[in-house]
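Encoded as structure tokens, the structure appears first; notes follow it.
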Amino acid sequence: MNEIITQINEALWSYLLIGALVICGLWFSFKTKGVQFRMVGEMFRLLTESAASVTNDTNDKYNKYQHISSFQAFAVSVATRVGTGNLAGVATAIAIGGPGSVFWMWLIALLGSATAFVESTLGQLFKQRHKDSFIGGPAYYIHKGLHKRWMAVLFAILLIITFGLSYNSIQSNTICGAMQEAFGWSPVIVGFVLSVMALVIVFGGIHRIANVSAVIVPIMAIGYFILVFVIIIMHIQHLPHILNIIVSRAFGLEQGIGGTIGATIMIGVKRGLFSNEAGEGSAPNVAATATVSHPVKQGLIQALGVFTDTLLVCSCTAFVILISGLYNVPGLNGIALTQAALHSEIGSAGPTFIAIAIFLFAFSSIIGNYYYGEANIRFLTSSKMVLTIYRIFSAGIMVMFGALSSLEVVWNLGDLCMALITACNLIAIILLGKYVFRLLENYEKQKRAGIKNPVFHRDQLPELEKDLDCWD
């Protein structure tokens, strides 16, 4: 079965997904005039705004909502992005595709940030009110924007399987592997503890998830950056050589570990997408929960998340592995390669640090992935029993499955799910992108007019007015 999934993955990624991701990234970059580059300053400014200051709507029906700030929504999305893909995924890419795969990870991030902007802006535009918070995502904008219920249901099911089930097994597998490598702990025990912790948090809903992520994400990111920055400074003289290796092997100018430029590109794009999720349709689910005065605001913030993930965290891991030179060692792959690289640089503390880091990185991803599935469960049904069953499967059973499965099985299953869900979402955002371009133009027009806090009302898109649940 694993071999069949591998063959399907190769066909999908070779002939469909890579081209689609690059074309979409180029198209959205062109239509938004490079929004991911020219509005970086605005992204950082918006990140500091609180939920209370971004809404000018004084209607009482908004007052009952427990506001989730832009930063909290950003933290949840980064929590799912910054995880196994940054530590184990980068190592796998380098081990299989060679150093050149890092270049393709960078490229897909630069283009993908425009795609992330579009999909997250759509998530905000078509969000709906749900009890005491907002809810939304691709299933909602496919249903309301394209009026294709069947396609929305298909996407919701694919996302539940991909993030709530498959990806959580990958996160758990990586945590257990790191703990076993560093401390010799049994995957069974670690998997059981992870399941219990995850279940306690996910039964608290999006507000508990957002609060936990807002604490864990900054701590784990800052700690990891400091350590890697010190290592890079200690070997700063090797940095030009490392950059040269990455670029030269990306284009086949030197023979890479993967053997062919095709393998280098494919593994770089796959691991890059798994890490930053731009185009998968995941981030719009949490982007929709934020309280903002204009959809473009959260689109910009989520675009920043792609840069944070790939250009910062993934690059840190790649530099440490390449500095160590251990990517040439046969048999070293995944989280074990990252641990070995740090061990060679800082001694026995390396594997221990990575074990702790991957626990924080991947555990935050587990609870964030769970929420993506919950948002789509709620799209399909209002049954509390179905939601409870999903919580048990996502945070309990699949976490244990990942703990007990092999690295190859969980990654192959994850790649297949990622291909299917990305294809579905890219079709939707290509068709709906025209609304995002108009929203961006409206936002910039207000900024040029001296309006510090642009506001959107649904009557500004009259053809969609009846389809927008919010934005009175």
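Values below: all heavy atoms of this structure, side chains included; hydrogens, waters and symmetry mates excluded. This one's a predicted model, so the numbers in the text were calculated from it and none came from an experiment.
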Stepwise side chain to side chain contact (heavy atoms under 4.5 Å, CB included) test for Leu322 and Ile246 = CA-CA 9 Å; Leu322 295 177; Ile246 291 174; 3.7 Å; yes
task = Given side chain to side chain contact (heavy atoms under 4.5 Å, CB included), test Thr162 with Leu420 step by step and report yes or no.
result = CA-CA 9 Å; Thr162 301; Leu420 296 175; over 6 Å; no
Check: Tyr371 ring centre within less than 6.0 Å of Phe163 ring centre = no
Got a second to check how far [X]'s [atom1] is from [Y]'s [atom2], nearest 0.5 Å?
X      : Y      : atom1 : atom2 : result
Ile170 : Asn369 : CD1   : CG    : 9.0 Å
Ile108 : Ser113 : CD1   : OG    : 10.0 Å
Trp104 : Arg249 : CH2   : CZ    : 16.0 Å
Ile142 : Lys148 : CD1   : NZ    : 10.5 Å
Leu111 : Ile23  : CG    : CD1   : 11.5 Å
Phe319 : Leu239 : CZ    : CG    : 5.5 Å

Can you list the residues that meet the side chain to side chain contact (heavy atoms under 4.5 Å, CB included) rule with [X], with sequence neighbours excluded?
X      : answer
Ala395 : Ala198, Leu199, Val202
Leu380 : Val153, Ala156, Ile157, Ile160
Ile427 : Met151, Leu431
Ile430 : Cys24, Trp27, Phe28

query = Can Glu280 and Tyr372 be counted as having a side-chain donor-acceptor contact under 3.5 angstrom?
reply = no
inquiry  = Quick test of your reading: applying side-chain hydrogen bond (donor to acceptor under 3.5 Å, both in side chains), list the pairs with at least one residue in residues 134-145, sequence neighbours left out, ordered by first then second residue.
reply    = Tyr141-Asn425
When you measure from the side chain of [X] to the backbone N and O of [Y], does any donor-acceptor pair fall under 3.5 Å?
X      : Y      : answer
Thr289 : Val286 : yes
Asp469 : Arg129 : yes
Thr121 : Phe117 : yes
Ser324 : Ala341 : no
Gln298 : Ser120 : no
Ser293 : Pro454 : yes
Lys127 : Pro295 : no
Glu119 : Gly281 : yes
Thr422 : Ala419 : no

For [X] against [Y], the heavy-atom pair lying closest together:
X      : Y      : answer
Gln302 : Ala283 : OE1-CB, 4.2 Å
Ser172 : Leu194 : OG-CD1, 4.1 Å
Leu468 : Leu125 : CD2-O, 3.3 Å
Val118 : Val436 : O-CG2, 3.6 Å
Leu387 : Glu374 : CD1-CG, 3.6 Å
Asn285 : Gly137 : OD1-CA, 3.8 Å

Going by the rule side chain to side chain donor-acceptor pair (under 3.5 Å), which residues pair with [X] if we only count those two or more places apart in sequence or in a different chain?
X      : result
Ser29  : Gln36
Tyr443 : Glu42
Ser195 : none
Arg38  : Glu444

Are there over 12 heavy-atom neighbours, none belonging to [X], within less than 6.0 Å of that residue's [atom1]?
X      : atom1 : result
Phe37  : CZ    : yes
Glu441 : CD    : no
Lys447 : NZ    : yes

key: Contact check, side chains of Ile242 and His235, non-hydrogen atoms, under 4.5 Å   = no
message = For Phe456, give me all partners under ring-ring contact (aromatic ring centres under 6.0 Å, His included), at least two apart in sequence or on another chain.
response = His294, Trp471
inquiry  = I'd like to check the ring-ring contact (aromatic ring centres under 6.0 Å, His included) partners of Phe393; sequence neighbours left out, ordered by chain and number.
reply    = none
inquiry  = With side chain to side chain contact (heavy atoms under 4.5 Å, CB included) as the criterion, how do Ile231 and Leu342 come out once you've worked through the C-alpha distance, each side chain's angles and the decisive distance to 0.1 Å?
reply    = CA-CA 9 Å; Ile231 294 175; Leu342 270 182; 3.3 Å; yes
request  = Tell me, with the steps shown, if Asn376 and Phe155 meet side chain to side chain contact (heavy atoms under 4.5 Å, CB included).
outcome  = CA-CA 9 Å; Asn376 287 270; Phe155 179 88; 4.1 Å; yes
